[in-house]
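Every chain is numbered from 1, with letters handed out A, B, ... down the list of sequences. None of the values given here were measured: they were computed from a predicted structure.
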Amino acid sequence: MRGRRISITCDECSVHKISKFKSLNDSELDRINYHKSCTAYKKGQILFHEDTRPLGVFCINAGKLKVYKTGDDGKDQIIQIAKSGDLLGYRAMISEDLYPVTAEALEEVKVCFIPKSEFMKLIDESHDFVMMLLKDACQELGDMTGMMTTLAQKSVRERLAVTLLMLKRVYEADTPEGEEIEINLTREDLANIVGTATETVIRLLHDFKEEELIRTSGRKIMVLEPERLVKVGNIY
DNA sequence: GTCTGCAAAACTCGTTGGTT
DNA sequence: AACCAACGAGTTTTGCAGAC
C-alpha cells in the first residue's frame with residue numbers, strides 16, 4: 001500500500017522551525033529539498049515495517065503516526081505517537097540496524113523522505129545537526145527508561161492516567177489555543193500503549209468518567225482534570 | 001481485588017446507491 | 001453536486017467466568 005506523492009518545499013514547510021532541520025543553512029536545506037520526496041499516507045498505511053532495512057529517514061509534516069513493535073503473541077506494543085516535526089528512522093539507519101518498529105498512520109499524514117546518502121552527508125558536514133540528533137536520541141532514551149519503569153511498576157489504572165497525560169501533550173500541539181484538546185485514538189490503540197486489554201481500558205475510562213477526570217465523545221477523550229490525573233498516576 | 005479473555009449486543013463511521 | 005437512507009465493517013461496551 002503506497003501513499004500519494006505530494007509537493008512540500010522546506011522553506012514553506014509549516015513545521016520547519018520545530019523540526020530537526022531547523023539548524024541547517026540555506027545550501028544544506030536546498031540540497032535536502034532537491035533530493036527528498038514527499039508523500040501523503042491515509043489512515044492505516046504503513047511508512048516502514050519492523051525488520052526491514054532503512055533506506056532513509058522520514059520527517060513528519062502533518063498528522064500523527066503510531067510507532068509499535070509486534071510481540072511474539074502477535075500483540076502490538078505502541079512505543080511512541082509521532083507527530084508533525086518528528087523525525088523517524090534515523091537511529092536504525094545510523095546504527096546500521098533493521099527498523100526495530102513499524103510506523104503506521106493514525107490519520108492522513110504528510111511525510112518527507114530523505115534518502116540515506118543525503119542524510120549521512122549532513123551528519124558528516126553539520127556539527128549542529130549531529131548535536132540535535134544526539135540530544136533527541138538521548139531524550140528518547142530517557143523517555144524509554146521512564147516508560148519501562150511505568151509499565152513494570154505501576155498498576156493499569158496508574159498507567160492509563162500517565163498515558164492520558166502523555167497523549168494530552170501530543171494532541172495539544174495540533175490544537176488551536178483556547179480549544180479543547182481531544183485525544184482521538186481507538187480503545188485498542190490506547191490498550192496497546194498502556195499494555196493491557198481493550199476491555200480493561202474501557203472499564204477504567206468509564207471509572208475516570210464517573211470521577212469526572214475525563215469526558216468522552218465517541219472515541220474522543222477530553223482530559224478535564226490533569227492535576228487529579230497526575231495524582232491518580234502517582235507522578236511525582 | 002485486580003486483571004484478562006471471550007462472547008454478544010450496541011453503537012459509530014465510512015461507503016454506496018438512489019433521488020432531487 | 002448535494003443530500004439522504006441503507007448497509008456492512010469496525011469499534012465500543014457490557015456481562016460473565018476464571019486466573020493470579
A/S27: partners by side chain to side chain donor-acceptor pair (under 3.5 Å), with sequence neighbours left out: A/N25

Here the side chain to side chain donor-acceptor pair (under 3.5 Å) pairs for residues 189-199 of chain A, sequence neighbours left out, are A/K66-A/D189, A/T186-A/D189

Residue mapping more 5' on DNA chain B - nearest nucleotide basis, A/L204 or A/K220: A/L204

From NZ of A/K154 over to P of B/dC3, roughly how many Å is that when rounded to an integer? 14 Å

Provide the full list of salt bridge (charged side-chain N to carboxylate O under 4.0 Å, His left out) pairs with a residue in residues 126-142 of chain A, sequence neighbours left out, each pair given once. A/K20-A/D136, A/R91-A/D136, A/R91-A/E140

Side chain to side chain donor-acceptor pair (under 3.5 Å) filter on A/Y171, not counting sequence neighbours, yields none

Let me have a per-nucleotide readout for nucleotides 10-20 of chain C, 5' to 3', with B, S or -, counting only protein heavy atoms under 4.0 Å. -SSBBBB----

Run the side chain to side chain donor-acceptor pair (under 3.5 Å) test against A/R31 and tell me which residues pass, sequence neighbours left out. A/E118, A/E125

Do any side-chain nitrogens or oxygens of A/T196 fall under 4.0 Å of OP1 or OP2 in B/dC3? no

